[in-house]
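Data first, discussion second: the structure below is written as structure tokens.
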Amino acid sequence: MKGFTAWGLAFGVATLTTAATAQDEATAPPITEFPRNETLIIQNPEPPATNPPNFNLWVAGNGAALSNGNQQLVADTLWFIDPDAGLDGAIYNQLADEGWQYNDDFTEMTASLREGIYWSDGEEFTAEDVVYTVETQMATPGMTWSAAFNENVESVEAVDDYTVRFTLKEPNSRFHALFSVRWNGAWIMPEHIFSEVDDVTAFQFNPPVGLGPYTLHSFDPNGSWYAWQKREDWDRTAMAQWGEPGPEYIIYRSIPNIDNRLIEMSNGNLDLIHDLTPEGTFSIIEDRDSVRGWFEGFPYAHPDPTLPMIIFNTQNAPFDDRRVRWALALMLDARAMSMASYRGAATLSAISVPPTGTHPDDYHMPMQDWLIDYELDLGNGETIQPYDPNIGMQIADMVRPQFGDEVPTDEAAIQRAFGYGWWRQDIDAATTLLEQAGFTKDGNTWMTPEGEPFEFTINTFSEGVINRLGTIIAQQWSQQGIEVTPLADPQIFGTTLPLGDFDVATAWSVETWGGDPDLSFFLDSWHSDFVVEPGERQPSRNWQRWENEELDRIIEEIRVTEFTDPRNLELGQEFVRLMVEEMPVIPVMSYNVFSVYDTAYWEGWPTAEENPYANIVNNWANSKYIFTQLTPTGAE
């Protein structure tokens with residue numbers, strides 16, 4: 001097989017497929033031509049690529065996309081932040097040999113680069129590649145990071161071969177985040193390749209020349225699979241500091257049909273599945289002893305650093321009233337939401353930080369006493385303590401009859417898996433809050449202060465666990481006398497949330513680093529400066545269009561606080577307390593991803609219990625660190 005070129009094999013299998021191949025019948029790679037004990041086979045979560053030979057990931061919408069191995073195996077940049085614990089802490093100095101260095105007022109950032117790093121064609125990586133990347137992006141509208149660099153960078157220079165200095169247009173203590181990969185980031189371009197190209201936006205970059213430990217071996221001309229081979233000089237890459245990657249070959253397979261993913265793993269032709277339904281996960285783990293998820297037992301799934309929630313459009317009455325928002329929260333039964341959406345396999349969060357990575361240690365666990373003691377003023381002289389720290393325990397007990405010993409019994413393990421707690425369903429308190437806000441009850445129907453029935457639509461995902469969540473929420477509110485209609489919305493992130501064309505939605509406006517307490521990944525865009533008029537397109541993430549002076553103060557202090565300063569955790573906890581008090585969104589749970597892996601051929605995978613060093617959701621670029629920890633089991 002080594003005698004085949006990438007193009008040779010691609011055209012060799014062309015007769016086996018056609019351009020009209022249905023996604024559910026995506027072409028399988030010639031697995032038998034690769035030594036199974038040297039080959040890691042991964043499900044690519046994207047559909048077959050629309051332009052398979054295009055590996056230019058610096059142009060938005062490139063055909064080969066990202067999850068075929070491009071960003072995990074070939075591309076590299078200055079820093080990585082893993083959503084989980086990391087091999088030696090969550091922050092990796094990758095192409096940079098140390099952390100980012102700012103001047104006192106954050107108007108300059110200096111990056112010191114590793115020496116002895118080489119592109120896969122033998123050319124040395126230097127500061128000129130970084131400078132070229134930034135200047136080319138700035139000069140070329142439509143490239144992926146052109147807008148971000150133009151907004152931030154006044155100039156960039158190579159101080160010497162291994163030092164780059166950025167002069168910024170204004171103070172920015174988070175500029176390094178552009179080069180800090182959680183899922184994606186500003187990848188460095190090979191100057192010696194792209195500088196010879198007339199039109200960098202039309203260049204397909206095939207075969208790709210990269211800084212990662214793998215090179216392209218072959219691919220399907222219909223975009224269903226990509227095979228990569230370890231470089232002979234893998235030790236001249238930045239990944240070498242973490243060890244030699246175990247697999248000689250890594251194959252990314254697009255398998256859109258969930259049943260086909262299960263069949264391929266059952267047959268030993270797939271080592272890692274990006275995502276399944278809860279039911280599919282339960283099935284494969286029961287049927288194949290060598291398969292497990294992030295958690296060894298129930299709920300199996302990996303909590304993503306995103307936070308599905310109930311989002312209120314606070315520019316619309318009555319959702320501009322915190323009493324109404326809190327009343328709606330207290331009408332909900334977290335146990336029913338968990339069972340309906342994830343069949344109990346949800347990781348709940350009562351606070352506006354997802355329960356993933358290091359966040360439970362930074363936020364959820366340290367803030368338990370505050371949450372338990374928190375008193376909500378009902379406005380009539382009464383207060384309640386709405387937080388229930390035992391919700392996770394209750395859900396564990398609910399699923400134990402079905403899943404038995406797979407469900408943890410240790411309190412700490414239950415908290416990690418099911419969440420630390422949530423808000424009690426308290427209909428009496430909800431009633432008081434609505435009455436204080438001017439609502440009245442006509443039989444079992446709540447009437448607005450204007451005398452109209454309280455009714456609205458909740459926009460939710462078209463399918464999957466978030467669709468189930470939106471449906472059960474609408475049902476619970478309707479049972480309490482509010483006529484709520486769930487709407488499956490295929491454009492929820494495309495137009496609905498950005499344009500504010502909704503009253504209430506189930507989606508997320510919080511995405512965090514996960515492996516670091518800093519909340520700037522999403523929080524900066526929540527500043528009131530970015531809130532637009534109703535009907536105008538809202539910048540990403542503050543879909544609730546919420547304005548608050550205390551929130552602005554927190555954001556403005558984060559902007560002038562260095563990323564690794566312990567003060568960031570204090571500011572994050574201040575944010576959490578403010579969000580509880582005002583409830584502009586109702587946090588529900590982590591977006592749990594049902595990734596599973598097979599230990600039949602490879603061992604060394606990250607686990608939630610003993611070694612949570614990396615996110616196992618394999619289209620995230622930091623999955624490359626997993627490959628350095630894998631060793632063959634000896635199975636043929």
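Keep in mind that what you see is a predicted model, and the values were worked out from it rather than measured.
Annotation: side-chain contact (heavy atoms from CB on, under 4.5 Å) contacts of K441 (sequence neighbours excluded): N444, W446. For F295, the ring pair (Phe, Tyr, Trp, His ring centres under 6.0 Å) criterion is met by no residue, not counting sequence neighbours. With sequence neighbours excluded, the residues forming a side-chain contact (heavy atoms from CB on, under 4.5 Å) with P308 are I466, W508, M589, Y591, listed by chain and number. Checked against side-chain contact (heavy atoms from CB on, under 4.5 Å), P386 has the following partners two or more places apart in sequence or in another chain: W326, L330, Y374, L376, I384, W423. Scored by the ring pair (Phe, Tyr, Trp, His ring centres under 6.0 Å) test, W546 finds no partners at all (sequence neighbours excluded).
With a 6.0 Å cutoff to the six-membered ring centre and a 45° limit on the axis angle, R182 counts as a cation-pi contact of F521.
With R545 contributing its side chain and E533 its backbone, the two residues share a donor-acceptor pair below 3.5 Å. Checked by atom type and distance alone, the side chain of R261 pairs as donor or acceptor with a backbone atom of I255 at under 3.5 Å.
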Exercise for review: For S509 and R541, run side chain to side chain donor-acceptor pair (under 3.5 Å): C-alpha distance rounded to whole Å, both residues' side-chain angles, the deciding distance at 0.1 Å, then the answer.
Suggested key: CA-CA 4 Å; S509 63; R541 298 193 178 94; over 6 Å; no
Exercise for review: Carefully, step by step, assess D84 and N615 under the rule side chain to side chain donor-acceptor pair (under 3.5 Å).
Suggested key: CA-CA 6 Å; D84 286 289; N615 184 351; 5.0 Å; no
Point to revise | ring-ring contact (aromatic ring centres under 6.0 Å, His included) evaluation trace for W183 with F80 | key: CA-CA 9 Å; W183 181 82; F80 279 67; over 10 Å; no
Side-chain donor-acceptor distances from residues 405-412 under 3.5 Å, at least two apart:
| residue | atom | partner | partner atom | Å |
| --- | --- | --- | --- | --- |
| E406 | OE1 | Y300 | OH | 3.0 |
| D410 | OD2 | A412 | N | 3.1 |
| D410 | OD2 | A413 | N | 3.1 |

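A distance of 6.0 Å or more separates the ring centres of Y420 and F418.
Looking at heavy atoms from C-beta onward, N619 lies out of side-chain contact with L66 at the 4.5 angstrom threshold.
Annotation: the span from W294 atom CH2 to I616 atom CD1 amounts to 6.5 Å, rounded to 0.5 Å. Distance check: I427 CD1 to Q479 CD gives 9.5 Å after rounding to the nearest 0.5 Å.
By the neighbour-count criterion of 12 heavy atoms within 6.0 Å, atom CD of E483 is sparsely surrounded, having that number or fewer from other residues, nucleotides or ligands. More than 12 non-hydrogen atoms from other residues, nucleotides or ligands lie less than 6.0 angstrom from CD of Q385. Other residues, nucleotides and ligands contribute at most 12 non-hydrogen atoms within 6.0 Å of the CD atom of E610.
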